Amino acid sequence: MAEDPFDGAIDAVGTGGVAAQDEVDADEWLRRMRHSAAHVLAQVVLQMFPDAKFAIGPPIETGFYYDFDLPRPLTPEDLSTIQKRMRKEMGRNHAFDWREIPVADAREMFADQPFKQELIDQFSADAEQLGICTHAEFTDLCQGGHVESTRQIGPFRLTNVAGAYWRGDETRPQLQRVYGALFATREELDAHFQRIEEAQRRDHRKLGRDLGLFAFSELVGAGVPLLLPDGAIIRQEMERLIRELQEARGYQEVWTGHVARGELFRRSGHLENYADVMYPAMREDPDDEDPEAYYLKPMNCPVHMTLYNHTLHSYREFPLRYAEYTTLYRYEKSGQLSGLTRVRSLTQDDCHIFITPEQISDEVSRVLELVQTLFETYGMPNFRYELSLPGESGKYVDDPGAWQTAVTALRSALDSAGIDYVEQEGEAAFYGPKADLFVSDAMGREWQLSTIQLDLIQPARLGCVYVAEDGERRTPVVIHRAIHGSFERFLGILIEHYAGNFPLWLAPVQARCIPIADRHLDWAREVAADLRAAGLRVDVDDGNERMQAKIRNGQKRKIPYLLVIGDREVDARAAAVRVRSGDDLGAKSLDEIRALLSDLRRRRAAEPA
RNA sequence: GCCGGCGUAGCUCAGUGGUAGAGCAACGGUUUCGUAAACCGUAGGCCGAGGGUUCGAAUCCCCCCGCCGGCUCCA
């Protein structure tokens, strides 16, 4: 999916439009099967809807899709009909015939296909011949990449139909996209669906419910997560960690509340560039354009800069690092909301660092070190960086020289940290370039967590200055950076990363005492009280169920340690330690248990897995 | 926001025009048991909200809201 399907690979066909299996490698063969399946899909859809306008049908990571403009929405029943007819067509063993024809012929051939006409416009800019591919009665404008015949196409299943804008542009017509999964073998196809099932078990929305971590309420509102006590514990541990790390690195905590006047956001540029995600102004008269109106903060930056302006600063104070852990409010469109990973009230570990231009590279390196330390603590290695640069559009104004300096400094900091990244033109924030860190959730969707942004615009707009060594007043550069991104999203990702099996330091309940019979309750309570006094989160299952049931409940709750207490343990002033993995560590003295758990907690160890 | 699907007990789901159901969870009682489910009982629902059709609506229609998948946009 990484490649732009419109970036025509018309000349990248190499072996030609059709190849035999032994002419290409396995990956290429799979791509060809998938793309060929898309052609059969289009063939069948055209049989069923002769007036259909068809767009594109590329191979993707797990299969293929094809986009259509149809007279009516496809139903799930249609999908299974289409699938049956596709299998039938594949069984007929139609050969794929690929060849090149002159542009003019292509235009004529696809005269009643407006999307194809647009593609012809695009491709004919630098080609006189265009590829077409025919099998059975169906011919498509196509850059090639096919198997020899339909019977060679591997096992597949149509999965869903979804809306998709033509060329990914929401101002253009929305088409119906039919998705299919396709793999080389039946086993791989089955494994694919098993992976999906496994991913669904990891889904933080399900685990959050099952483990009692968070909830949503229609009454409170969409996109506003309610952290239940156990979820709030995890979030508190996350905050505690980042506070420790940041205090150790010279950050100073500030507090600036939740609202600010519109005038501030007008000066910062937010109302001009960011209004679409800001909640509407809070004002007495809705028709009043009065700048006295207040807005919920979508970001902290303008407020932090105003706070900076409270006194005159010297270059000697730099880097000056303001940290705040506060909730911001963004009106995300309803279809964007997704559990904890996309919410409307989000809490950022949001900091603004005031520096001189010369300090950019060093300070970005320090931020990168902080990111690395945090991700190591969580044991999350699977992320990737993106360097977002300004593009052509007029959104990026002001000083082009400063932009260039900033981009160079950001790039060199990433390079010297040995970080791999991809550059994305046109993705910069309105105030500067940025480096973002992305991770994937259980369902394979990517989410941005950490962000490091250079700001070349707002400090000047808000009148930030510092006194330089030569006594002149200059405008500081500001680094905006959030390491978790938002605690909500990061929590969602963490839940999936651990599949709910939090390491001890994060676990809402770190150990549970399980007395076998009521006569063991006193010692169980004593053990719990002792461990609690040592700062551990420990409870006692004093219900009247059998021990087996209590163990089952504790396991389902994913509690790291279950401390089973019967006659032997009471006598020995001990508890039998069962680890979440199911391992039985046997009886251990209270002292040993306290030492074990305290050590894991203190080190924020990854254990128990 | 757009396209499609879906909203019945805390959770997983039955119920297709005629008096709202099951399992698990919860709660009460009995049981006091050695590493993933003891037994009995009780309670729990404006069937997402509002409107309409009908003698009668969880069920059919309209319109909101929410959730899920995708598209577009972003911590």
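For clarity, every value in this text was computed on a predicted model and none was experimentally measured. Chain identifiers are assigned alphabetically (A, B, ...) following the order of the sequence lines, protein sequences preceding nucleic acid strands; residue numbering begins at 1 within each chain.
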**Asked** How would you label the contact of A:D436 with the nucleic acid (heavy atoms, under 4.0 Å): base, sugar-phosphate, or nothing?
**Response** nothing
**Minimum-distance nucleotide (side-chain atoms of A:A517 versus B:C68, B:C33, B:C71)** = B:C33
**Prompt:** To the side chain of A:R489, which of B:A36, B:C74, B:C67 is closest?
**Reply:** B:C74
**Prompt:** The side chain of A:L346 lies closest to which of these nucleotides: B:U72, B:C74, B:A75?
**Reply:** B:A75
**Message:** How many whole angstroms separate atom CD of A:Q548 from atom P of B:U32?
**Reply:** 15 Å
**Plane angle bin for A:Y431 and A:H270 - parallel if under 30°, tilted between 30 and 60°, otherwise perpendicular** = tilted
**Prompt:** Taking atom P of B:C6 as reference, at what distance in whole Å does atom CG of A:N160 sit?
**Reply:** 14 Å
**Prompt:** OP1 or OP2 of B:C2 sitting under 4.0 Å from any side-chain N/O of A:R177?
**Reply:** no
**Check: B:G4 base within 3.5 Å donor-acceptor of A:Q174 side chain** = no
**Item:** Which nucleotide in B:G4, B:A75, B:C71 has an atom nearest any side-chain atom of A:Q348
**Value:** B:A75
**Message:** By the 4.0 Å heavy-atom rule, please label A:A482 as base, sugar-phosphate, or nothing.
**Reply:** nothing
**Request:** Take the protein atom CE of A:M299 and the nucleotide atom P of B:A75, then report the distance between them rounded to whole Å.
**Result:** 6 Å
**Message:** Using a heavy-atom cut-off of 4.0 Å across all strands, would you classify A:K434 as base, sugar-phosphate, or nothing?
**Reply:** sugar-phosphate
**Request:** Report yes or no: do A:Q448 and A:R489 form a side-chain donor-acceptor pair below 3.5 Å?
**Result:** no
**Request:** Ignoring the backbone of A:Q336, work out which of B:A75, B:C73, B:A37 is nearest its side chain.
**Result:** B:C73
**Request:** Might you work through the salt bridge (charged side-chain N to carboxylate O under 4.0 Å, His left out) test for A:E324 and A:K297, ending with a clear yes or no?
**Result:** CA-CA 13 Å; A:E324 181 157 351; A:K297 291 193 299 188; 3.8 Å; yes
**Any N/O donor-acceptor pair, A:E332 side-chain to B:A75 base, under 3.5 Å** = yes
**Prompt:** Taking atom C1' of B:A38 as reference, at what distance in whole Å does atom CG of A:D541 sit?
**Reply:** 14 Å
**Request:** Return the nearest nucleotide to the side chain of A:R342; candidates are B:C33, B:G34, B:C73.
**Result:** B:C73
**Prompt:** Can you find a side chain N or O atom of A:R578 that sits less than 4.0 Å from OP1 or OP2 on B:A36?
**Reply:** yes
**Under 4.0 angstrom between A:Q448 side-chain N/O and B:A75 OP1 or OP2** = yes
**Item:** Nucleotide nearest A:E218 (side chain, heavy atoms from C-beta), chosen from B:G66, B:C74, B:G1
**Value:** B:G66
**Request:** Kindly point out which of B:G34, B:U12, B:G69 is positioned nearest to the side chain of A:R209?
**Result:** B:U12
**Request:** Considering just the side-chain nitrogens and oxygens of A:K550, establish if one lies under 4.0 Å of OP1 or OP2 belonging to B:A37.
**Result:** no
**Asked** For the side chain of A:E170, counting heavy atoms from C-beta on, which of B:U72, B:G34, B:A37 is nearest?
**Response** B:U72
**Item:** side-chain N/O A:Y179 vs B:C71 OP1/OP2, d < 4.0 Å
**Value:** yes
**Asked** If you look at every strand shown and take non-hydrogen atoms under 4.0 Å, does A:V343 touch a base, only sugar-phosphate, or nothing?
**Response** base
**Request:** May I ask you to decide if the ring planes of A:H484 and A:Y378 are parallel, tilted or perpendicular, using 30° and 60° as cut-offs?
**Result:** perpendicular
**Item:** Phosphate OP1/OP2 of B:A75 contacted by A:Q453 side-chain N/O (<4.0 Å)
**Value:** yes
**Request:** For A:F438 and B:C73, give me the distance from atom CZ to atom P, rounded to whole Å.
**Result:** 13 Å
**Request:** Remember a base hit wins even if backbone is also touched, and classify A:R481 as base, sugar-phosphate or nothing at under 4.0 Å, heavy atoms.
**Result:** nothing
**Request:** Tell whether A:Y331 reaches the base of B:G1 with its side chain through a donor-acceptor pair below 3.5 angstrom.
**Result:** no
**Asked** Donor-acceptor pair, A:S388 side chain versus A:A428 backbone, under 3.5 Å?
**Response** no
**Message:** When you measure from the side-chain N and O atoms of A:R546 to the phosphate of B:A38, is any distance below 4.0 Å, counting only OP1 and OP2?
**Reply:** yes
**Request:** Respond yes when some side-chain nitrogen or oxygen of A:R445 is under 4.0 Å from OP1 or OP2 of B:G70, and no when none is.
**Result:** yes
**Message:** Regarding B:U32, can its base be found pairing with the side chain of A:N544 as donor and acceptor, where the two atoms are less than 3.5 Å apart?
**Reply:** no
**Request:** Using distance alone, with no hydrogens and no angle criterion, decide if A:T373 and A:E369 have a side-chain donor and acceptor under 3.5 Å apart.
**Result:** yes
**Message:** If I take atom CZ from residue A:R519 and atom CD1 from residue A:I565, how far apart are they, to the nearest 0.5 angstrom?
**Reply:** 13.0 Å
**Message:** Does A:G485 reach a base, just sugar-phosphate, or nothing at all? Heavy atoms under 4.0 Å.
**Reply:** sugar-phosphate
**Nearest listed nucleotide, side chain of A:R330, among B:A38, B:U72, B:C74** = B:C74
